[in-house]
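The structure under discussion appears below in the form of structure tokens.
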Amino acid sequence: MAQMNMVQAINSALDVMLGRDPRVVVFGEDVGYFGGVFRCTDGLQRKYGEHRVLDTPIAEGGIIAAAIGMGVNGLRPVAEIQFADYIYPAFDQIVSELARLRYRTAGDLCAPVTIRTPCGGGIRGGQTHSQSPEGVFTHVCGLKVVMPSNPHDAKGLLISSIESEDPVLFFEPKRIYNGPFDGDPHKPAVPWSSHPKGEVPDGHYAIPLGKADIVRPGAAATVLTYGTMVHVAEAAARLCGVDAEIIDLRTLVPLDVDMLCTSVRKTGRCVIVHEATRFSGFGAELSATVQEECFWHLEAPIARVTGWDTPYPHAFEWDYFPGPARIAAALRAVMESAA
Amino acid sequence: MAQMNMVQAINSALDVMLGRDPRVVVFGEDVGYFGGVFRCTDGLQRKYGEHRVLDTPIAEGGIIAAAIGMGVNGLRPVAEIQFADYIYPAFDQIVSELARLRYRTAGDLCAPVTIRTPCGGGIRGGQTHSQSPEGVFTHVCGLKVVMPSNPHDAKGLLISSIESEDPVLFFEPKRIYNGPFDGDPHKPAVPWSSHPKGEVPDGHYAIPLGKADIVRPGAAATVLTYGTMVHVAEAAARLCGVDAEIIDLRTLVPLDVDMLCTSVRKTGRCVIVHEATRFSGFGAELSATVQEECFWHLEAPIARVTGWDTPYPHAFEWDYFPGPARIAAALRAVMESAA
Amino acid sequence: MTQSRLHVPHPPARPGETPDFSYLKIPPAGSVGRPDTLAPALQIEALGTEMVRVLDEQGHAVGPWNPHLEVEELQIALRHMLLTRRFDERMQRMQRQGRISFYMKSTGEEAVAVAQAMALRPGDMLFPSYRTQGLFVVRGRSLVDLMCQCLSNTHDMCRGRQMPIMYHWAEGNIFSISGNLATQFPQAVGWAMAAAIKGEDHLAASWIGEGASAEADFHHALTFAAVYQAPVILNVVNNQWAISTFQGFAGGEQRTFAQRGPGYGIPGVRVDGNDFLAVYAVTRWAAERARSGGGPTLIEHVTYRAAAHSTSDDPSRYRPKEDWQSWPLGDPVVRLKAHLIALGEWSEERHVALEQQLEAHVTACWKEAVAYGTLNEGPTLDPLSMFEDVFHEMPAHLRRQREELRRLLHGPDAAAARGEGAEG
Amino acid sequence: MTQSRLHVPHPPARPGETPDFSYLKIPPAGSVGRPDTLAPALQIEALGTEMVRVLDEQGHAVGPWNPHLEVEELQIALRHMLLTRRFDERMQRMQRQGRISFYMKSTGEEAVAVAQAMALRPGDMLFPSYRTQGLFVVRGRSLVDLMCQCLSNTHDMCRGRQMPIMYHWAEGNIFSISGNLATQFPQAVGWAMAAAIKGEDHLAASWIGEGASAEADFHHALTFAAVYQAPVILNVVNNQWAISTFQGFAGGEQRTFAQRGPGYGIPGVRVDGNDFLAVYAVTRWAAERARSGGGPTLIEHVTYRAAAHSTSDDPSRYRPKEDWQSWPLGDPVVRLKAHLIALGEWSEERHVALEQQLEAHVTACWKEAVAYGTLNEGPTLDPLSMFEDVFHEMPAHLRRQREELRRLLHGPDAAAARGEGAEG
Ligand SMILES: Cc1ncc(C[n+]2csc(CCOP(=O)(O)OP(=O)(O)O)c2C)c(N)n1
Ligand SMILES: Cc1ncc(C[n+]2csc(CCOP(=O)(O)OP(=O)(O)O)c2C)c(N)n1
Ligand SMILES: [Mg+2]
Ligand SMILES: [Mg+2]
């Protein structure tokens, strides 16, 4: 066991997989010699050579297209998109090609590509370095979508993603690369070494895709969330004293509907939290699913706490961010709700 | 008043706007000399000249980028994407640029672009000529999203879209270009001339964006739907005899929440129908919103009837299509539902 | 100073006008030099403006690009081209009869796919477009299989999921055809990069139309191929039309499509796409270059889309009828046939006999194919199979949806529901 | 036959190694001919491989591209370049002090934006990149306004919505800077197409880095510009680096970036980007061409990113420290200064005085700017304004969300909630 932050955990997952499986190749803008603008691939090119850890031209569409071709030719490509905000130029290759190749060839061809990309706000990135576009990809049949909330999960989930036979979108909440974040930007930064999930095994281990995790058991209400917001939800629960059961989805597709609904059936109340914008965000699917599965157990309307339906504004980051106060208010509301 | 099918109504809207407003330009792949693969721009280049009705290179990203530049330079571009399935190469220009230009410049710059694109299945188009990607665009702040269900609305909504100061995604359900479709492919085709909404004024008129339409008043349950599925829902209501209030959304963003929720509060039951895939589709947002707004009025879980979560399969189009039988089953289910 | 005005490209002739192909500069066969396969890209830029041609007007193979093929190979090539054409015609007819939903012919362009597939090795990976059915014919995929795909029947390699002509053949090293234009171009480069990473000797080849070259993926393919010097052959089939728009709308007025290559440092070679021998020779040259570490080559095939764009298209709306008759590079089948006759290795009689034999073969294949079902007649695929292959293992939500459809189709109320559905 | 191996581009020197710019072929100033502005693209391809240079080693302006500018204009140019540099330095320092969140300098590249903005007309529309702040300086946007944008303060033209440096200036005909690379390139072409459609005399110009030229939008821009012969100047600023990757990763090993143009039929001109006079002259040539109906021009500016990529970057990790000192094209400010001195129209004393004056100006501007607030100190913008301008009119769901935030910020429980939030 070692203490790792999320960057180190991701680096370790890549290191383990490059070492175990000669088919694994890692590439993207600035990931090679430099080691990535967030340092996630630091040292890997030196260790595995420049044919396995590659810099690429600045062309996200080309990166994913090349990854598909490599995947079809027997490699296990791990492509980095430097910011999730820059994944859109690759949208056609992801949606029309990567996601549907297995389907359209009835299983004869596939490309087990993992796409890693940092997402989320809270780093003064403004509208083009803060987005959380995961919801859009959850609507695309054939993609798995993952977002870890801590170093331990990040490594185990990334290894599972690389080992998956399906393409995986692996979102990394950059606000928590270096430490958990409870939603208060004015508090001093906390490192991962002070968090139990900062304990990360050195070698290979896998956390299965499609399994959520109860990060705080509780009886009064269920909070469904993922990524950075897991920690913010924990802070909110502490803040308002509601005995919330907080579930970290970890994988958005496939969704662990059973665990989610078991919890909501138990608590009868549900708050959904994500950083992405609200309208048609992933919270909508969560709300719809919970409502369908747990309708007769619900004692209050399901609430969504999300980013506002605006681009992420540079100056108002903390008014935009769905922080502990808003989550706590929603928790109180579902507790108090009555016709 | 004239009898028009949807293609003619769209053509008429373009004709009216090209005639009224010298800033309007119409362009896209094959839209110029040829008049469009679905004939929506037939005759317009001859009438308005090849500087106002233009063929373009086959590059959807380039088309939308050019439209943005033209819009900034004072034109009102109406761009056609030949099939909604081919809008993805333009995704970055739409999401990162078109949708956010006004916001990021605090209103100093904007591009009032209308993007027309045929969507939906039922024409043996398989996975790349049948998609309904509207849900994805409803998650993008700054875009209006429209989908008409008949010639009369198509013309009035398209005129409003072109006149809108905001960018509009205008989805045209191609299955109903030539006639309404009730979901039974084995029945002889019905022309729009036999439908009241096939009556279309010749001149200028606008149907405001953001206003839904009750196409069938009813007391027992509310059906929220749009596009082709409006007609299928009507057939389903006839089929199962449920006194459904069927609401044609017409505009998905901004959403007419008031009308929707007024109806659901009245009926206490809600079925959401769309052709797009279910998971994270627009139905999820509808369900979440209705649940939030009408929770205490709901007497049964909100149901979604949608395309399955697979690509649109060529051979099983009618097993895939959410036809009258499935909608009727959902209507019966919400009527019978009890804890 | 003349003011700037928007320039709008025009084809040389519209319906009712006389076809005019004078814009095409056609050098005599044999006049273009054949550089060393490892010649630096900079030194061979002329290959992008000239046009490599081997077959002259008399049907003789002339000049340095003559690949000197065995007569047998030429006869096989003729057979492949003819079979492709017969196949196309049959499928088009079947579409007209409502037996398949859609079709796209490659008529007039058969030499491109047939010559290139013959010039490459079986281990080379092909990333086709929808107009390169000849690749499958040469590599020996049975016509029955192709027909079954078009029929979406019980033997359909795509299990009913794709529109007609969207074939693939993993064992035959042919990638899947996509409805989205140009996406396969940079994928082929990625495949070739992987071959180079693995140190393997295989190369990748891909095809797009000149219209599709305007898509982003063209640029991605050329950039990545140039940067990594990937062993790949990138083909632009310039058949002059992209549905209704003339090649000028893809930039063909200003330059040839082959000339795009040198801008990236990739040799661009323009070839008479209706000259089997020229296409074969240029492909061999590019393959040798790639296999020797010389990196990518861009080839522009100058040809003509003789038929409609697809069965949904009516070209008489936008170009002169019968304009193919005036196309100065002729018909690739007729030209190879003339060459064989000039060699004394073919005759009108043998040709007629071969055509009859192929027609019979196509008929037999079609008979077999329809026995596996058609769009409208059984046997049919199981609709429940549509939930498979979305993921490697079917996740819970798809299993649940499959159950829902199963109940709809086979459950106790199924018959009633379906009956009612028809009334509704 | 050597086997194919993946080629991986390398910069000439990494940290600890000696800078080596021998890959750059630099012709003597004045040696490249200046063709007629309407010369056919095909006849002037050499402009893409040569390098237009006017200022020689002695600071004299030589050769056919000498724009023969008035002394006053040269002095203004020097002032603009120096002001840009002073501005950059101040903002970088302010970022280091935590007063702004981020910054990107254009040090070493000032001649590009300054010369081009001066060579164009006020009615021409500029689609900038994040490293062309000189455009704003030349067009006269006050530094205070630019600083306020970087401060996201109450006078911020973007109302707090964009990261620092993402300026725009509608009245000054400068488009908005986007975080997404290259998107502005084809937008500029669309703007130019509109000008041509309207029969107006304006042209558009746009800038991207050589790294960004790999993006799809580069291809879209060149294709659309070529097809419609749009009056647009497309600039690739080749400063050799894209964050940590050398220009070889964008394809610069094989060819110059200017050479991409001819592949599309667009003239490509390579210019010494640190030579104010050369950049000015080439821009004038391209502008005259565009305004006379000659269509687009692609210009590659050869320059060097002297500073870090941004305040988030540490270049010592990937390139030799101080390598700019060895850059053979020097410093554009020093070169223009030397020219003026050679002309007898400038002196070290005047230079020092100007620098002091500009420094004082920047200081005064900064003082004024911070009076309108900084990131951390009031006055601040109203957060409720964040819901505006998503749409032209605010729809109901945004009004509702604004109300929710208003209650949170100003409602009865606001203080409590905020207080608790800080504890949580
Ligand atoms: C991304 C995308 N945009 C548009 C289309 C619609 N489309 C299908 S074929 C075609 C024309 C292609 O022309 P070309 O590339 O020249 O190939 P050809 O048909 O001539 O072989 C178009 C526009 C598509 N399939 N994909
Ligand atoms: C679409 C997109 N991909 C990636 C990035 C991240 N990024 C910002 S600047 C940059 C390097 C650009 O280099 P270049 O185009 O040469 O411009 P320079 O910084 O040298 O001026 C990268 C990769 C981005 N902003 N947008
Ligand atoms: Mg073509
Ligand atoms: Mg650069």
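No experiment lies behind these values; they were computed from the predicted model shown. Below, read A as the first sequence line, B as the second, and so on, with proteins coming before strands; counting in each chain starts at 1.
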Task: side-chain contact (heavy atoms from CB on, under 4.5 Å), paired with B/I87, selected from B/I63, B/I81, B/I64 - done: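 Checked B/I63, B/I81, B/I64 against B/I87; only one passes side-chain contact (heavy atoms from CB on, under 4.5 Å): B/I81.
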TODO: Only one of D/P128, D/S129, D/S213 passes side-chain contact (heavy atoms from CB on, under 4.5 Å) with D/I208; say which it is.
DONE: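 Testing each of D/P128, D/S129, D/S213 against D/I208, the sole residue satisfying side-chain contact (heavy atoms from CB on, under 4.5 Å) is D/S213.
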With a 4.5 angstrom heavy-atom cut-off, could you sort out which part of [X] is near chain B: side chain, backbone, both or neither?
X	result
D/Q149	neither
D/V390	both
D/L398	neither
D/M386	both

So what's closer than 4.5 Å to chain D heavy atoms on [X]: side chain, backbone, both or neither?
X	value
B/D256	neither
B/L54	side chain
B/T289	neither
B/L143	backbone

Tell me if a side-chain donor or acceptor on [X] pairs with a main-chain N or O of [Y] at a distance below 3.5 Å.
X	Y	value
B/D55	B/G32	yes
B/H274	B/G283	yes
B/S160	B/L157	no
D/N235	D/S206	yes

Among [options], which residue has the highest count of heavy-atom pairs closer than 4.5 Å to chain B?
options	value
D/W191, D/W169, D/F224	D/W191
D/R159, D/K198, D/M157	D/K198
D/G179, D/S176, D/P395	D/S176

Heavy-atom pair count under 4.5 Å with chain D, highest-scoring of [options]:
options	value
B/N73, B/I68, B/V25, B/L255	B/N73
B/G210, B/A106, B/G107, B/A66	B/A106
B/P167, B/G62, B/A111	B/G62
B/Q93, B/K144, B/E165, B/R100	B/Q93

Task: Ring centroid separation D/F136 to D/Y167 under 6.0 Å - done: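 Centroid distance D/F136-D/Y167: below 6.0 Å, so yes.
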Open item on the list: Ring centres under 6.0 Å, that's the criterion: do D/F257 and D/F218 meet it?
Closed with: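 Distance test on ring centres: not under 6.0 Å, no.
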Task: NZ/NE/NH1/NH2 to OD/OE distance under 4.0 Å, B/D108 and B/R102 - done: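 No, no charged N to carboxylate O under 4.0 Å.
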Open item on the list: For B/Y226 and B/F282, take the angle between the two ring planes, folded into 0 to 90°, and tell me which bin it lands in: parallel under 30, tilted 30 to 60, perpendicular over 60.
Closed with: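 The arrangement is perpendicular - the two ring planes meet at more than 60°.
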